[in-house]
Amino acid sequence: MAESADHRDTPDAPGAGATTGGAHRRTSDASDDAASRAFRELLRGLRVWDTELPTFDPAQAPAAPLPLFRQWLREAAEAGVPEPHTMTLATADAAGNPSVRTLMLHDADERGWHFATHRGSRKGRELAARPRAALGFYWAAVGRQIRIRGPVTEASAEESAADLHRRSPGALAAALVGRQSEVLGSTEELARASDAAWERARREPDAPVPSWTLYVLRAEEVEFFQGDARRRHVRLNYRLAEGGWEQELLWP
């Protein structure tokens, strides 16, 4: 029995290895728990709307959402919100799996909200499969967000080209690189393609990019959210009906 006990105490014995492994797991679990607690404390300590927020009287809202959208975006810019024209775009593939990303608003008019991308990108492929989308704007400095959803259509090739060539040389260079959402072999490959695209953009400011497509989301529903420090948020929702836009207040 003593010889057997001595064998179990040797470092190479299976029992010793299991004990060491258990200690490592306990140490790792304790470290993970501490990291989780620290992260939760970080989240709880972050301030929300630690400033005076504007008020919003829905009774004074216009009959249609577009004028109010333009007003709120302008007021966000005047309040110093960086890049207030950035927005999230949510789409879904043929199986219904959602995707979301951030991109720029190109225009908003009576036709709808305009954005652009390569037709072969993930969002382009998903819009081809399911031509509906949702947009989200959030401006923390004023405690406001806007949510928009509806069907999406492609603009003509001519309008898409005009949209691209109204933008900066950098935007054209990025479009000329193309291959958006494809697997990239290396950052060196990207650098070579980008350098060549920048050179071409400088040389040919009207260079065509056939895959570049302008999309227009025709809103069927637009919600305006005004945050309140006491959580009495104002939510005004516009719904498109046969007779035009209808308004309704929503509980926060």
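The chain is numbered in sequence order, starting from 1.
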Query raised in the report: Taking only residues at least two apart or on different chains, which pairs with a member in residues 155-198 satisfy ring pair (Phe, Tyr, Trp, His ring centres under 6.0 Å)?
Result: none
Query - Nearest non-hydrogen partners of Leu240 and Ala219, listed with the distance - result: CD2-O, 3.8 Å
Report task. Run the numbers on Phe137 and Trp72 for ring-ring contact (aromatic ring centres under 6.0 Å, His included), then give the verdict. Result -> CA-CA 10 Å; Phe137 294 82; Trp72 275 27; over 10 Å; no
Report summary line: Quick note, side chain to side chain donor-acceptor pair (under 3.5 Å) partners involving residues 141-153, not counting sequence neighbours, are Glu75-Arg144, Arg144-Gln226, Arg147-Glu223, Arg149-Glu221
**Report entry** Where at least one partner belongs to residues 30-55, residue pairs that pass ring pair (Phe, Tyr, Trp, His ring centres under 6.0 Å), sequence neighbours excluded
**Finding:** Trp49-His233
Report summary line: Residues passing the salt bridge (Lys or Arg N to Asp or Glu O under 4.0 Å) test with Glu126, sequence neighbours excluded, are Arg101
Report task. Indicate, with yes or no, if the rings of Phe225 and Tyr138 have centres closer together than 6.0 Å. Result -> no
Report task. Could you please spell out the steps behind the ring-ring contact (aromatic ring centres under 6.0 Å, His included) verdict for Phe224 and Phe69? Result -> CA-CA 8 Å; Phe224 294 82; Phe69 172 82; 7.4 Å; no
Report task. Assess whether atom CZ of Arg122 is packed by more than 12 heavy atoms of other residues, nucleotides or ligands within 6.0 Å. Result -> no
Report summary line: Connected to Val183, directly or through other members, by ILVMFWY side-chain contacts below 4.5 Å are none
Report summary line: Shortest non-hydrogen pair, Leu164 vs Ala175, comes out as CD1-CB, 3.9 Å
Query raised in the report: Is the side chain of Arg231 donor-acceptor paired with the backbone N or O of Ala229 at a distance under 3.5 Å, no angle test?
Result: yes
Requested in this report: Look up atom CG in Leu105 and atom CG in Leu73, then write down how far apart they are to the nearest 0.5 Å.
Outcome: 7.0 Å
Query raised in the report: Does the Arg125 side chain pair with the main chain of Gly120, one donor and one acceptor, at a distance under 3.5 Å?
Result: yes
Query - Taking every non-hydrogen atom, the tightest pair across Gln247 and Pro58 - result: OE1-O, 4.3 Å
Could you pull out every donor-acceptor pair under 3.5 Å between side chains of residues 188-195 and any protein atom, sequence neighbours left out?
| unit_1 | atom_1 | unit_2 | atom_2 | d |
| --- | --- | --- | --- | --- |
| Glu188 | OE1 | Ser186 | OG | 3.4 |
| Glu189 | OE1 | Gly185 | N | 3.3 |

Query raised in the report: Taking all atoms of both residues into account, what is the closest heavy-atom pair of Pro67 and Ala64, and its distance?
Result: CD-O, 3.4 Å
